[in-house]
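As structure tokens, the structure follows; a few thoughts come after it.
The chains referred to below are lettered A, B, ... by the order of the sequence lines, with proteins before strands, and numbering in each begins at 1.
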Amino acid sequence: MTLWFVFALMTVAAIFAVLWPLGRSSGAQDQGSEVAVYKDQLAEVERDLAAGLIPAPEAEAARVEISRRLLAAAASEPAMAPKSNLKWRRAAAVLALAGLPLVAVAVYMPLGSPKLQDFPLAQRERGSGMAQSLENLVVQVEQHLEKNPTDGRGWNVLAPVLERLGRFDDAVRAYRNSLTYNGESAERRSDLGEAMSAAAGGVVTAEAKAEFERAHALNADDPKANYFLGLAAEQDGRKDDAANIWHALLAKAPADAPWRVLVQSSLARVGGGGAMPALSDETIAATKDMAEGDRNAMVRGMVDRLATRLKQNGDDVEGWLRLVRAYLVMGERDKAMGASADARQAVASDAERLRQLNEGLKTLGVGG
Amino acid sequence: MKPLLYKITGVWGNHEGSMLLWVAILALFGGLVAAFGNNLPLSLRAHVLAVQAWVAGAFYLFILVTSNPFLRIASPPIEGRDLNPVLQDIGLAVHPPMLYLGYVGFSISFSFAIAALMEGRIDAAWARWVRPWTLVAWIFLTLGIAMGSYWAYYELGWGGWWFWDPVENASLMPWLAGTALLHSAVVMEKRNALKVWTILLSILTFSLSLLGTFLVRSGVITSVHAFATDPTRGVFILLILCLFIGGSLALFAGRATSLKQGGLFAPISREGALVLNNLLLTVACAVVLFGTLYPLAMEMLADFKMSVGAPFYNLTFAPLFALLLLAVPFGPMLAWKRGDLLGVTQRLLAAGVAGLVVVAIVWAWVRGGSALAPLAIGLGVFVIAGAVTDIVERTGLVRLPFASALHRARGLPRSAWGTAFAHAGLGVALIGIVCETTWNSEHIATMKQNDVAHVAGYDLKLDGLFQRQGPNYREMIAEFNVSRDGKSLTVMTPSKRSFTTRGSSTTEAALLTRGASQLYVSLGDATAEGAIAVRIYHKPLVLLIWWGPVLMAFGGVLSLSDRRLRVGAPKPARAKQRLQPAE
Amino acid sequence: MRRMMAAFVALLLLALPAAHAVQPDEIMSDPAKESRARELSRELRCMVCQNQSIDDSDAPLARDLRLLVRERIAAGDSNSQVLDFLVARYGDFVLLKPRFERQNLLLWMLGPVLLLGGGLALWLQIRRRSGSGADVPPPPLTADEKTRLAALMSDDSKPS
């Protein structure tokens, strides 16, 4: 209700702004004229002459020129004087009274959204849906950490959530902070490495590998570190090394470890299937294919989730870059180009973000 | 929490908000004409307001259709989206409104020009009426550009103050055209000449403002492709641009031929000098415009990627301005209609000698090296001395007894003082620019605790590195003890802020001002061994670069306060009565 | 391919902390060569930035280019050889000062041509017109004009 009242008040003010000058009789209005200007110019010439700023002949010539302009202006002035026309004034008044509100309503109705409810801060914090509340929770924790960056426990909680949300670069930063404020541990090192690999689209980068090696040095039995070191070896093309690492990992693993299957399928992939003697060659081949397929499906699922998220909220430049990078790693250059076009569109309104995006895209080799 | 100031300035930190500011200022100027335009004939005022309303209408539509600032975000962030740390600065709070006041202010001269064309009456009085509005816009634009330049200087961390960036060019072009307009309007007011050209300049100046808005807002500069992916906004502004430029030029073409020739003048005359000024400013403006658009055109038409950057502009722009500056002292001293170049030269002899002496002194002092810098400084001195000479001549300070000179100084129109200040400001800025670029000394090193850097006679000792926790960032502060000739001067504390959760960092340079010169320290990255990369600059007379424009703007304000510009407004009845007995 | 990608990504991550324009470790030991390098750096565009020279830019690519320029200088290239090398590698886009070539002729010649052409045209026009009357003072006011003027000037209270 308040809204409409404010609107009404604004409309009345606008109408009044038109009607008020119309109501005044035009004769009483102040107005200037060329005659006044030229008279002043003549006076100025006299002043300058008296002050000795210009010599007499020059002053005389100027005086004649200005006088001619003055006479011309005085002659044409009555013809130029606007005549007040009652009919037009009435028309303008009607237009203001009726037209203004009509145009305002005509523009507001399709563009405005008067039925939307208020959305005050308190309500926002309570959140509407699950996803909303998770995002808000993350925001709250992030804000808490911004003020108290030394709260190691906070970083510990935040990091895995960020990773699950697909904000890998933020997760990397959170794990780093967790390491700084909680101290060294093999688990945290390997978590950091995992986040780094995830950020790199599943590639165990040199930097990530260094983290796993540190984790391995802290605890030689850390399963995550061992698994990823194996993966690194595989990606380097050292399949035998990978197989050895994974064999050792399986040997030490508890029988009910949930990640046994993953390691076994990886092992099958690199051809170190000797650990599973009961299987025929065909089955091994099948497992290998399936495992590869599974893995691809997993990666693809991650990428698709990221793409969906970005489609809903395209502000995340880093997210876009990650998506493009992921497509490039998977060898799908067309999709990468498509994603970069989408990204440009999504952030086009924000020059700063657009600049960041273009910079990032150029570094990835899809810019231009 | 963000300080309240940045919550407000955050409004124009994005596209929608800045367009809102744009139309708000447009409406403000329209309102000012309605309120203070009572020295204009009614029909002219009505036409001006009508044109202004058309421009405003086009931009309201633009905002409503393509960039609604009141759009509700589906899931609003709890405490807002935060403003980029680099932009959280007082400079950014004031710079855009200033710049926009300038940009948009030229819409008034545009409206005046269109109104005059519609009425078909273009004469000397029009030039006087349009002058205060042009001046206001010009003053704000001058200050806005200078402020933006200083902001870049201290915030971006490597001490550059002008980059010939397309965004900067977009603000420089209306300034050049607006300066030309101010000068040609003087000829029109005094001699009823250059009428067609002045009207054209009014149209061009505002067109360049619109073009600047288009270039910055459509993203066409960042990348032609970025523009292509989301062309709605760009195309809309382009349409507005075509509508107004095309429409006004068509109107202009229809009416220009029917304009009567104004007063005649010889090539060597005040008018001639102002025409030269206009020629140089227009060519300079064309060079900047061309340099800004050429790469875009080449990429779109020939698919040839190229860059036009600072070295190009320095090479093409500088000679034009050197010529202009050389002519500046002559202009105000030449007589109208037919001037006496020889006489003026004689009167400028003292200024010329002053310039040459400075050239000799500077040249001897730096012992050779590039001859260009001393010459340019001499030129700056010549311009300043020329401005002083002009005032001395007008007041008769040398020829007449002091008392009568004082009397004449008081009677001198304020616009004459304004001219002198503005021209002197040009010289001041030139000296600053030359000194900064030529004798800027820098020292880039990795420093450990207790290391001492020697820069331009100053010794900077790194006392230590400290960490500090800010409200939403961590800060690494380096403390430098600055001394000269063994005498300790002060402590400088440049810092590097890292915003933990944002993962971004900003460099806070430390500045030490000594006279007009500055010592500038900014930090790079820290190495593992506790050392840190440090960049120290000594920038001699760098502040003159911004004092110049401030002086120019001050000249503008003086000129604006000239009583001539208020003439035409009917005086209140009582004042008139009191005046009558004096006649 | 993957390995290369990984290296690329690692480079990206390493570059994340804001670097700064010219770094201390880049500076050449020979001051003359260093100043040549700086001079060249100012004429080269950092291709991932917006209108920044590699001398000013923080981007990792700019650093690579700066090092490349210094490498070429150390190898004994002349300034123009260094520029040629970079243009061959990255195209004309890398030059902040476009070369004086056919496709850029228009850009370079615009200023001088406008200045000379415009100046000449203006000079001729003003001279032609002024020949007919700049020196001659305007004819004095006729008696009729004088009376009308006097009437206007005395009529100060006229509500205009």
For this session: Please answer whether the main-chain N or O of F93(C) pairs with a side-chain N or O of S307(B) as donor and acceptor at a distance below 3.5 Å.
Result: yes
Exercise. Got V308(B) and L96(C) here, is their nearest side-chain heavy-atom distance under 4.5 Å?
Worked result: no
For this session: Tell me, for A445(B) versus chain C, whether the close heavy atoms (under 4.5 Å) come from the side chain, the backbone, both or neither.
Result: backbone
For this session: Go through the atoms of Y313(B) and report whether side chain, backbone, both or neither lie under 4.5 Å from a heavy atom of chain C.
Result: neither
Seminar exercise, completed: When the 4.5 angstrom heavy-atom criterion is applied to E442(B) and chain C, the contacting part is side chain
Seminar exercise, completed: chain B shares the most heavy-atom pairs under 4.5 Å, among D92(C), V94(C), L95(C), with D92(C)
For this session: For L279(B) and L114(C), run side chain to side chain contact (heavy atoms under 4.5 Å, CB included): C-alpha distance rounded to whole Å, both residues' side-chain angles, the deciding distance at 0.1 Å, then the answer.
Result: CA-CA 9 Å; L279(B) 176 68; L114(C) 262 187; over 6 Å; no
Exercise. Are the side chains of L110(C) and T316(B) in touch, meaning some heavy atoms are under 4.5 Å apart?
Worked result: no
Exercise. Where does F290(B) contact chain C at under 4.5 Å (heavy atoms): side chain, backbone, both or neither?
Worked result: both
Exercise. Which atoms of L323(B) come close to chain C, meaning under 4.5 Å heavy atom to heavy atom: side chain ones, backbone ones, both, or neither?
Worked result: side chain
Exercise. Of the non-hydrogen atoms in N104(C) and Y294(B), which two are nearest, and what is the gap between them?
Worked result: CA-OH, 3.6 Å
For this session: Go through N314(B) and R42(C) one step at a time and tell me if the side chain to side chain contact (heavy atoms under 4.5 Å, CB included) criterion holds.
Result: CA-CA 12 Å; N314(B) 291 343; R42(C) 261 174 231 133; over 6 Å; no
For this session: Report the distance from atom CE of M306(B) to atom CD of E101(C), rounding to the nearest 0.5 Å.
Result: 9.5 Å
Exercise. Which bit of R99(C) comes within less than 4.5 Å of chain B, counting heavy atoms only: side chain, backbone, both or neither?
Worked result: neither
Exercise. For chain C, which of T446(B), V534(B), L276(B), V287(B) has the most heavy-atom pairs under 4.5 Å?
Worked result: T446(B)
